[in-house]
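Below: one structure in structure tokens.
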Amino acid sequence: MAAGMPKRPDYGIDAPGVLAMFFVLGALCLVFGPLVRPFAIGPVTFEFGHAPRIMGGIFLLEGVLMFVYVKVGKFRHRDRMLAQVPWTGGERVLDVGTGRGLLLIGAAKRLNTGHATGIDIWNAEDLTGNGPEGLLSNIALEGVGDRTTMKSEDARKMSFPDAAFNVVLSNLCLHNIYEQPGRARACQEIVRVLKPGGLAVISDYKLMREYQGEFTRAGLTVRMYPLDWTGCFPPLRILVARKPG
């Protein structure tokens with residue numbers, strides 16, 4: 001970076017271990033695949049032909065698609081999520097699993113008298129540079145420090161009072177709670193902290209029907225959007241749940 005140029009916000013690389021795995025497996029299949037020779041076990045002969053090259057190409061394609069999401073697609077997806085909210089500027093917003101603040105800061109930029117709070121436990125495997133320091137740096141660079149707060153909290157046990165937020169956002173977070181009762185508890189906490197008439201906008205690549213069921217059982221009106229294949233890998237779905245007023 002040239003001297004005097006302002007530092008740019010860094011929203012990290014999602015699931016860096018998975019991204020690296022795609023490229024490593026792809027390269028291994030392409031390099032060593034042709035060296036695999038047919039072999040026999042008893043009367044059965046195993047021949048691989050072009051299969052290793054095809055597998056290698058698939059792994060590399062998945063890596064490229066995921067990299068495109070990291071650099072371009074996730075910003076578009078953030079805007080698509082935020083577009084589900086009819087903003088007035090005075091909302092109290094909660095971002096569950098805020099990471100380096102992509103959704104939190106995007107929401108804060110739509111506020112004037114409102115405030116946005118982000119919570120996370122910052123697992124390193126979820127995002128490169130995932131931690132409070134990276135989030136605070138992005139908040140400062142984006143100029144939204146007066147409209148944002150961060151807290152280290154588990155989504156399954158939030159410290160906020162009931163009906164504290166007009167909007168709750170969460171992207172690619174809830175599936176990282178590996179046990180189903182824990183995910184159910186996180187959904188119940190989202191419902192609890194929502195104000196009557198408030199919106200929860202949730203996005204993930206799996207378990208969305210599970211979340212839909214939890215919010216429906218809690219009495220929220222739920223709308224599920226189709227999978228987004230344009231720039232998202234894996235493809236993501238958005239759920240919008242409204243708490244009765």
Side-chain angles (χ1 to χ4, degrees), residues 77-99 101-108 110-121 123 126 147-228 232 234-245:
H77 187 68
R78 171 203 59 193
D79 294 341
R80 184 171 175 238
M81 288 184 67
L82 295 176
Q84 307 305 316
V85 180
W87 299 98
T88 66
E91 290 83 4
R92 310 293 291 185
V93 182
L94 175 65
D95 179 17
V96 178
T98 192
L102 184 67
L103 271 175
L104 175 73
I105 292 167
R110 288 161 170 78
L111 304 176
N112 40 58
T113 60
H115 196 83
T117 300
I119 65 170
D120 210 320
I121 55 175
N123 288 321
D126 297 336
R147 284 162 279 162
T148 54
T149 300
M150 75 166 193
K151 286 193 172 187
S152 179
E153 288 199 4
D154 193 313
R156 295 165 290 188
K157 191 176 181 181
M158 301 185 200
S159 64
F160 309 108
D162 296 353
F165 299 99
N166 308 99
V167 178
V168 177
L169 307 167
S170 184
N171 185 38
L172 291 169
C173 169
L174 298 182
H175 76 267
N176 290 313
I177 302 172
Y178 298 126
E179 73 284 359
Q180 189 279 330
R183 294 191 297 271
R185 181 59 185 160
C187 290
Q188 292 159 11
E189 281 289 272
I190 288 171
V191 174
R192 181 184 67 80
V193 302
L194 261 182
K195 291 178 181 287
L199 283 180
V201 183
I202 312 297
S203 181
D204 218 323
Y205 74 98
K206 64 178 181 178
L207 302 173
M208 291 293 284
R209 295 297 178 189
E210 179 184 305
Y211 313 152
Q212 180 183 33
E214 292 294 338
F215 291 130
T216 300
R217 282 189 287 274
L220 278 65
T221 302
V222 181
R223 180 177 181 182
M224 185 85 80
Y225 287 83
L227 283 170
D228 182 7
C232 292
L236 302 176
R237 194 186 296 272
I238 292 175
L239 174 157
V240 180
R242 181 178 293 277
K243 192 171 184 178

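Heavy atoms only: backbone and side chains are in, while hydrogens, waters and symmetry mates are out.
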Minimal non-hydrogen separation, P235 against L227, with atom names: O-CD2, 3.8 Å
Distance (rounded to the nearest 0.5 Å) between L82 CG and L102 CG: 8.5 Å
Distance-minimising heavy-atom pair for A107 and V93: CB-CG1, 4.1 Å
Distance in Å, R147 CZ paired with T113 OG1, rounded so as to fall on 0.5 Å steps: 11.0 Å
Shortest non-hydrogen separation from A186 to I177 and the atoms involved: CB-CD1, 3.8 Å
Contact summary for D204 and C173, nearest pair of heavy atoms: OD2-N, 4.1 Å
Any side-chain heavy-atom pair of H77 and M81 under 4.5 Å: yes
Spacing of CG belonging to D95 relative to OG1 belonging to T117, to within rounding of 0.5 Å: 9.5 Å
Pairwise side-chain contact, L207 with L174, heavy-atom cut-off 4.5 Å (strictly under): no
Spatial distance of atom CZ (F215) from atom CD1 (I190) [nearest 0.5 Å]: 4.5 Å
From L169, L172, L103, N171, residue fulfilling side chain to side chain contact (heavy atoms under 4.5 Å, CB included) relative to S203: N171
List the atom pairs, with distances to 0.1 Å, where a side-chain N or O of residues 238-245 and a protein N or O form a donor-acceptor pair under 3.5 Å, not counting sequence neighbours.
{"from": "R242", "atom 1": "NH1", "to": "G197", "atom 2": "O", "distance (Å)": "2.9"}
{"from": "K243", "atom 1": "NZ", "to": "V191", "atom 2": "O", "distance (Å)": "2.8"}
{"from": "K243", "atom 1": "NZ", "to": "L194", "atom 2": "O", "distance (Å)": "2.8"}

Taking every non-hydrogen atom, the tightest pair across Q84 and P86: O-CD, 3.7 Å
Pair R185 + E189, salt bridge at N-O below 4.0 Å: yes
Residue pairs involving residues 148-175 (criterion ring pair (Phe, Tyr, Trp, His ring centres under 6.0 Å); sequence neighbours excluded): F160-F165, H175-Y205
Over all atoms of both residues, closest heavy-atom pair of L236 and R80: O-NH1, 4.4 Å
Under 3.5 Å side-chain donor-acceptor pair for R209 and Q212: yes
D154 CG to S159 OG distance, which is reported to the nearest 0.5 Å: 11.5 Å
Nearest-0.5 Å distance, CD1 of residue I202 to CD of residue E214: 12.5 Å
